[in-house]
Protein chains: 2
Amino acid sequence: MDLNERKLKILQAIIHSYIKKAQPVGSRTIAKKYNLGVSSATIRNEMSDLEELGYLVQPHTSAGRIPSDKAYRLYVDSLMELKSISSLERKKIKKGLSKEIREIEQLIQNSAKILSKLTNYTSLAIAPQFKKSRLKHIQLVPIDERKVLVVIVTDTGIAKNTIFMMDNDITHDHLNKITNYLNAKLKGHPIEYIGSSLEYELIQEMYSLKNTINQVVPLIYQAVDELEEVDLYANGVTNIFNFPEYNDVSKAKAFLSFIEDKNLVVDMLMKSGLQDIEIKIGKENCYEEVKNCSLITATYSLNGKTIGKIGVIGPTRMDYSKVISIVKTISLNLNDILNQYYNRGGR
Amino acid sequence: MDLNERKLKILQAIIHSYIKKAQPVGSRTIAKKYNLGVSSATIRNEMSDLEELGYLVQPHTSAGRIPSDKAYRLYVDSLMELKSISSLERKKIKKGLSKEIREIEQLIQNSAKILSKLTNYTSLAIAPQFKKSRLKHIQLVPIDERKVLVVIVTDTGIAKNTIFMMDNDITHDHLNKITNYLNAKLKGHPIEYIGSSLEYELIQEMYSLKNTINQVVPLIYQAVDELEEVDLYANGVTNIFNFPEYNDVSKAKAFLSFIEDKNLVVDMLMKSGLQDIEIKIGKENCYEEVKNCSLITATYSLNGKTIGKIGVIGPTRMDYSKVISIVKTISLNLNDILNQYYNRGGR
DNA sequence: TATTAGCACTCTATGCTATCGAGTGCTAAC
DNA sequence: GTTAGCACTCGATAGCATAGAGTGCTAATA
């Protein structure tokens, strides 16, 4: 059964009201506040139909009705008009993002902060993934007789370092030679690639440095491995307390415990697809703990390659229109900055 | 007025019971469960005295009594017997800390995780402060024609890096010269020291590199400035939900919002003194939001210099005995590892 | 045939009252 | 100085009546 225009209008009105008030919506409210030109009785009948069709839910007999996930999905897909972002918000975004442009991680973290500030929901972002990038430069630096610093720089503008302890003394010269060789050999390759037969090849090439190579290369593997961990930024976590659906301690606890578990959150973000904007509503989320939440994510990319995600999570009763436009704007700006600044030799 | 032995015993019993049960303690409970050899009426009289002296508080006339901050202070200072840590716990600490010993930040973060796991409270830790350390090594590495990587390594084993964009091309050779000079000049000096008249001196010394120096040195200042930010690790934040005193949403919110604000938490930790173990009970804390919490912190140091703090925060009704011994053990272990491993050329 | 007014019905929320019980403080006896 | 005994206090809980928001159904209406 198709939804006629009136049903759609009523549904939209209910969703609108519920998003604002967080209270079950009754027929009289709709009749009075949204001029649909019909009486509350008519609306009542339509609402009954909408419930049967799965768009509405009634907490109990004598209560108003609440939109279901299905309703929100319809709303997001076709009913909703995207709110255009205010010029003040636009300014805040521009200003906030222009602040920190040197460290890409800072930039992402900053974006997440702005996102939660503007939306008043919890924002989530994953930093550029180190392992998925390509090697731009690797450098071995002797710190003292026994310590070597390994710095790995990626084409996504991330530099990571670790310090290692060697068993034997290592000469500056040896390290330089190895550094040069590694750069020549590995530049442009994915970081993941480091680790296969590198040691063997190196020894073939420079047998005289065998001892040093045997010490250094395993450490490089190890460094790469250790640096693989994905960074997650969560901001405005306590914003959920602003929503009456989390006035219940056990619900707040469930949500916060979930968000506190970095692995779960990263996995959840990874699972969302690679579209520009991805919206998961309620039960569409895989994790039980957030099945009454909606997640709106955008990707950000460098050189046309997606390198991370940023988004917002909140109750399904979310101001989709506002949030989507803000997420869109921020991700657009973010992408611009990334590609202008980091790509063309910037930074 | 001095507290006689019986009063102390009663007070101890009340504290003990309240820490366990989180319920106001009545005279009958004490008389029955703690064999003090006196009747409930006697205890009632003593409790009345203890209240007058400020050690106990009565939520309302017909309720039992609750220890005050003053009582906890007395308890911690003289009544409490330190629980010796179980061998299982000791094992967990040893095992947990031996896992990650290369990156000092990892080590601290790990310690914080173990701390919250073992205590079931929220653990807090500040990473070694970059600016307070001394320079061990600085290195400028050309990434491509226009990009330069600055790596700064401290004597506390932290390496930080930033990538900079130059206006003009820079030669490998120039950078090397500057690197060498900087190392010779700055090694062993506090990081904070970088930034005074460095540029001027450098130009004096190597006039031919003037252009490069003019470009590079301000960036180094900037890098140092940016890296100054203190890292904070908080673990087990949602543990507060386990305590009935936070069954009230607004209280949970207040606590969590406080903990979410990194600046406040860092400031709070900084404010606690430099003693081995520092205990702040309730109102002894500066911040309003945690005046019903207790904070137990320990320092960790390298080369005899305190470089960070680690601790636990929870309701004043805290299992002090257990927490203190765990914090002590972890900080001892942490210090051992730091000084064995990082100090004598290790890591 | 679609809409609507009207009404009985349902169910939650709120406030009131009575009751229970844990705990105190005081008094008098030991 | 200690304790048994008792009156008193006060929060917590349960029960009950009431109000009000909202529904669903029916019959009248356009």
Side-chain angles (χ1 to χ4, degrees), chain A residues 1-11 13-18 20-68 244-245 247-248, chain B residues 1-11 13-18 20-68 244-245 247-248:
Chain A
M1 168 175 171
D2 227 11
L3 296 182
N4 60 33
E5 192 161 338
R6 194 170 67 190
K7 279 200 173 60
L8 289 177
K9 272 192 178 157
I10 291 172
L11 186 56
I14 293 171
I15 292 174
H16 182 261
S17 166
Y18 188 68
K20 276 219 161 159
K21 304 283 178 58
Q23 296 272 326
V25 187
S27 53
R28 247 175 74 86
T29 314
I30 301 297
K32 268 198 296 184
K33 303 216 174 141
Y34 300 80
N35 304 313
L36 301 181
V38 288
S39 75
S40 70
T42 310
I43 293 174
R44 219 145 44 229
N45 290 330
E46 296 285 43
M47 281 167 85
S48 186
D49 288 353
L50 284 167
E51 179 169 3
E52 217 167 299
L53 291 166
Y55 291 101
L56 293 178
V57 167
Q58 215 173 2
H60 58 263
T61 333
S62 71
R65 285 179 171 94
I66 287 178
S68 67
E245 31 270 85
N247 263 347
D248 179 356
Chain B
M1 170 176 171
D2 226 12
L3 296 183
N4 60 32
E5 192 160 338
R6 194 170 65 191
K7 280 200 173 59
L8 289 177
K9 271 192 178 157
I10 291 174
L11 187 56
I14 293 172
I15 293 173
H16 183 260
S17 166
Y18 188 68
K20 276 220 164 159
K21 304 281 176 59
Q23 296 271 325
V25 188
S27 54
R28 248 174 72 85
T29 314
I30 301 297
K32 269 198 296 184
K33 303 215 173 145
Y34 300 80
N35 304 314
L36 302 181
V38 288
S39 76
S40 68
T42 310
I43 292 174
R44 219 145 45 229
N45 291 330
E46 297 285 43
M47 281 167 83
S48 186
D49 288 353
L50 283 168
E51 179 169 2
E52 218 168 298
L53 292 165
Y55 291 102
L56 292 178
V57 167
Q58 215 172 2
H60 57 264
T61 333
S62 70
R65 286 180 170 93
I66 287 177
S68 68
E245 32 269 86
N247 263 347
D248 179 356

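Quick note on labels: first sequence line is chain A, next is B, and so on, each numbered from 1.
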Might you work through the side chain to side chain contact (heavy atoms under 4.5 Å, CB included) test for A/Leu56 and A/Leu11, ending with a clear yes or no? CA-CA 8 Å; A/Leu56 293 178; A/Leu11 186 56; 3.8 Å; yes

Between A/Ile66 and A/Gln58, is the side chain to side chain contact (heavy atoms under 4.5 Å, CB included) condition met? List the steps. CA-CA 6 Å; A/Ile66 287 178; A/Gln58 215 173 2; over 6 Å; no

Quick one: do B/Leu36 and B/Lys9 satisfy side chain to side chain contact (heavy atoms under 4.5 Å, CB included)? Show the steps, please. CA-CA 8 Å; B/Leu36 302 181; B/Lys9 271 192 178 157; 4.1 Å; yes

With side chain to side chain contact (heavy atoms under 4.5 Å, CB included) as the test, would you mind laying out the steps for B/Tyr55 and B/Leu3 before giving the verdict? CA-CA 11 Å; B/Tyr55 291 102; B/Leu3 296 183; 3.6 Å; yes

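Backbone-only engagement by B/Ser27 is indicated by non-hydrogen atom pairs under 4.0 Å involving sugar-phosphate atoms exclusively. In this structure, A/Ala41 reaches the bases: a heavy-atom distance under 4.0 Å links it to at least one base atom across the strands shown.
Closest to the side chain of A/Thr29, out of D/dG22, C/dG25, D/dA4, is D/dG22.
Atom CZ of B/Arg28 and atom P of C/dT24 are 11 Å apart (whole Å). To the nearest angstrom, C1' of D/dG24 lies 15 Å from CD of A/Glu46. Rounded to whole Å, atom P of C/dG23 lies 17 Å from atom CG of B/Leu50. Across the protein-nucleic acid pair, B/Leu56 atom CG and C/dT24 atom C1' stand 13 Å apart, rounded to whole Å. Taking atom CZ on A/Arg6 and atom P on C/dT4, their separation rounds to 8 Å, with Å as the unit. In this structure, the CG atom of B/Asn4 is 11 Å from the P atom of D/dG1, given to the nearest Å. Atom NZ of A/Lys32 is separated from atom P of C/dT4 by 17 Å (rounded to the nearest Å). In this structure, B/Ile66 atom CD1 and C/dA22 atom P are separated by 18 Å, rounded to whole Å.
Both A/Arg65 and B/Ile43 lie close to DNA chain D; mapped to their nearest nucleotides by heavy-atom distance, the more 5′-ward contact belongs to B/Ile43.
For the salt bridge (Lys or Arg N to Asp or Glu O under 4.0 Å) condition, the pairs that include at least one residue of residues 27-47 of chain A, sequence neighbours left out, are A/Arg6-A/Glu46, A/Lys7-A/Glu46.
A/Thr42 has no side-chain polar atom (N or O) that falls below the 4.0 Å cut-off from OP1 or OP2 of C/dT3.
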Atom pairs, N/O to N/O, protein against nucleotides 6-10 of chain D, distance under 3.5 Å?
from   : atom 1 : to      : atom 2 : distance (Å)
D/dT9  : O2     : B/Ser62 : OG     : 3.2
D/dC10 : OP1    : B/Thr61 : OG1    : 3.3
D/dC10 : O4'    : B/Ser62 : OG     : 3.1
D/dC10 : O2     : B/Ser62 : OG     : 3.1

